[in-house]
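Presented below is the structure to which this report refers.
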Amino acid sequence: MAEESSQRNIFSAGTQIFREGDPGRHAYLIERGRVEISAMKGGQGLVIAVLGPGELFGEMALIDNQSRTATATALEETEVVAISRDRLQGKIEQADPLLALLLRVILKRFRWSLKHALAHKERSQEETSSKADERDWILENTRHHAINQIKLTEELERALDRREFELHYQPIMRSVTNQLAGFEALIRWQHPSRGLLPPCEFVGALEDRGLVEGMGLWALEQACEDLSRFHEQARQSFRLGTLPFVSVNLSPRQLHGTEEVSRLAEVLKRVGVDSEHVQLEITESLLIENPELSARLLADLKKLGFSLAIDDFGTGYSSLSYLHRFPLDILKIDRSFVQTMVKNRGSLQVVRAIVGLARELDMDIIAEGVSTVEQFEALTEVGCDFVQGFLWSKPLPFAEAAELLESDSRELRRLAGVPR
């Protein structure tokens, strides 16, 4: 018997997970235990393979909607993650038609080869050429990546229930006064076995499962709650001239319509924080893909009192012709320009041009990825308003970030070696 637990199944020893000829509704990833894959040939059952933890089986029927060509049996108590056809079907339908055709042709030929190979269980010869080794290496790496993504997605859903996500805060400094001005909120996943993971490790999986919108709302609400505590700390210290702001990244998927703006407004109302101290960071891709809708939604966000920043400006897109149409307050210079500007005159000229453009549009400038005093001095010279990077601090948990307010940024400046 199988015990259902979300997308997980536990099969006792001897249980047939599926039989030859059954419809293929799921593929399975083995978490623990062993599974025997067998097929009937000439009235006898032939063992094709014995699979263990980390192995995937049942995937062919999931892709081409054919019946099972083999039987899968648990040799011992076995726990698997089930992957439904519904979860995969949308991706196949959205794939390039040629790629989808090739996938189905390859599967058809593989099934034919498997049927005839069952008569000869042992391989007639081993592939030993370097090309064969290379093909095996590519296949194994592709398989390893796919299985890791499957496990990651399943772990993400549990992580949401267990509240394993948290926000870390990287200080943003005023260039002229060298004082702490605010923080950028950056999401982290406290993975139970892999430790603290940055967004690049899991945001793609969040998007695949349609979870990024909910995660974005959670991040904004948590950042606003933490901002209230930052303000309380700042008022008690009497050290900052102005209250700090917090900057939160918005996914393009959070700005598809007016209902998303309404949800952001509900967060403000629920937390009770003043929106003038909250910056929302958007990417250039949002402006390019649907400029008319973006202009309306950003105008609505401005009415709510948010400051709006365009993140990673100058990378991958050409939004110059659109920029004047949007109610933006801040340009964030991408770290790729900052980190090469001291030694590369071209990068320095790009930074100068971005600063000049921002000035003409009455916008502030934040440079991210600052790691050396030389970079900081060059950015100050060209007129950059704010800076952030490892020169001052890595992103910090809330408690450590709050301590910086108590010190009035003096410790940050001392560690960075930046003049007062």
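This chain uses plain numbering: 1 for the first residue, then up along the sequence. Note that the coordinates shown come from a computational prediction; the quantities given were computed from them, not determined experimentally.
- Within a 6.0 Å radius of CD in E259, more than 12 heavy atoms belonging to other residues, nucleotides or ligands are found.
- A 6.0 Å sphere centred on CZ of R32 holds more than 12 heavy atoms belonging to other residues, nucleotides or ligands.
- Tested against L357 for a side chain to side chain contact (heavy atoms under 4.5 Å, CB included), the candidates L361, I354, V355 yield a single pass: L361.
- For the pair P171 and L180, the tightest heavy-atom approach, listed with the atom from each and the gap, is CB-CD1, 3.5 Å.
- Relative ring orientation between F18 and Y28 is described as parallel, the plane-to-plane angle staying below 30° on a 0-90° scale split at 30° and 60°.
- Taking CD of E79 as the reference point, atom CG of N9 lies at 9.0 Å (rounded to 0.5 Å).
- The one candidate from E184, Q170, E281 that meets the side-chain hydrogen bond (donor to acceptor under 3.5 Å, both in side chains) condition with S247 is E281.
- The CD atom of E225 sits 10.5 Å away from the CZ atom of F398 when rounded to the nearest 0.5 Å.
- Using a cut-off of 4.0 Å between Lys/Arg side-chain N and Asp/Glu carboxylate O, E20 and R68 are scored as not salt-bridged.
- Of the N and O atoms on the side chains of S193 and H191, at least one donor lies less than 3.5 Å from an acceptor on the other residue.
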Derivation of the side-chain contact (heavy atoms from CB on, under 4.5 Å) call for I330 and Q279: CA-CA 9 Å; I330 300 151; Q279 290 181 5; 3.1 Å; yes

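- Here L156 contributes atom CG and M215 contributes atom CE; the two are 7.0 Å apart, rounded to the nearest 0.5 Å.
- Within 6.0 Å of CZ on R19 lie no more than 12 heavy atoms contributed by other residues, nucleotides or ligands.
- Summarising the geometry, atom CD1 belonging to I187 is positioned 10.0 Å from atom CG belonging to N249; distances are rounded to the nearest 0.5 Å.
- You'll find the side chain of T78 stays beyond 4.5 Å of the side chain of I10, heavy atoms only.
- Counting heavy atoms from C-beta on, the side chains of F57 and I30 come closer than 4.5 Å.
- When all heavy atoms are compared, the tightest approach of P327 to A299 is CG-N, 3.9 Å.
- Judged by the 6.0 Å and 45° rule, R174 forms no cation-pi pair with F386.
- With contacts defined as side-chain heavy-atom distances shorter than 4.5 Å, the pair V261/K303 does not qualify.
- Considering L268, L250, V271, V278 as possible partners of L220, the one that fulfils the side chain to side chain contact (heavy atoms under 4.5 Å, CB included) test is V278.
- Two rings, from F245 and F183, have their centers 6.0 Å or more apart.
- Rounding to the nearest 0.5 Å gives a distance of 12.5 Å between CE of M363 and NZ of K332.
- Contact check on R194 versus E201 returns a salt bridge, with a Lys/Arg side-chain nitrogen under 4.0 Å from an Asp/Glu carboxylate oxygen.
- No side-chain heavy atom of I366 sits less than 4.5 Å from a side-chain heavy atom of I333.
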I would like to know whether E164 and R158 meet salt bridge (Lys or Arg N to Asp or Glu O under 4.0 Å); could you show each step before the answer? CA-CA 9 Å; E164 293 174 357; R158 285 184 291 160; over 6 Å; no

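- The shortest distance between side-chain heavy atoms of V35 and I17 falls below 4.5 Å.
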In sequence, state the C-alpha distance, the side-chain angles, and the governing distance for E166 and R188, and then conclude on salt bridge (Lys or Arg N to Asp or Glu O under 4.0 Å). CA-CA 5 Å; E166 58 188 64; R188 296 291 186 264; over 6 Å; no

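- Side-chain atoms of S307 do not come within 3.5 Å of backbone N or O of D329 as any donor-acceptor pair.
- Looking at heavy atoms from C-beta onward, T73 lies out of side-chain contact with T15 at the 4.5 angstrom threshold.
- Proximity of F326 to P291: side-chain heavy atoms (C-beta onward) are separated by under 4.5 Å at one or more points.
- Note that CG of L298 is 11.5 Å distant from CZ of R325, once rounded to the nearest 0.5 Å.
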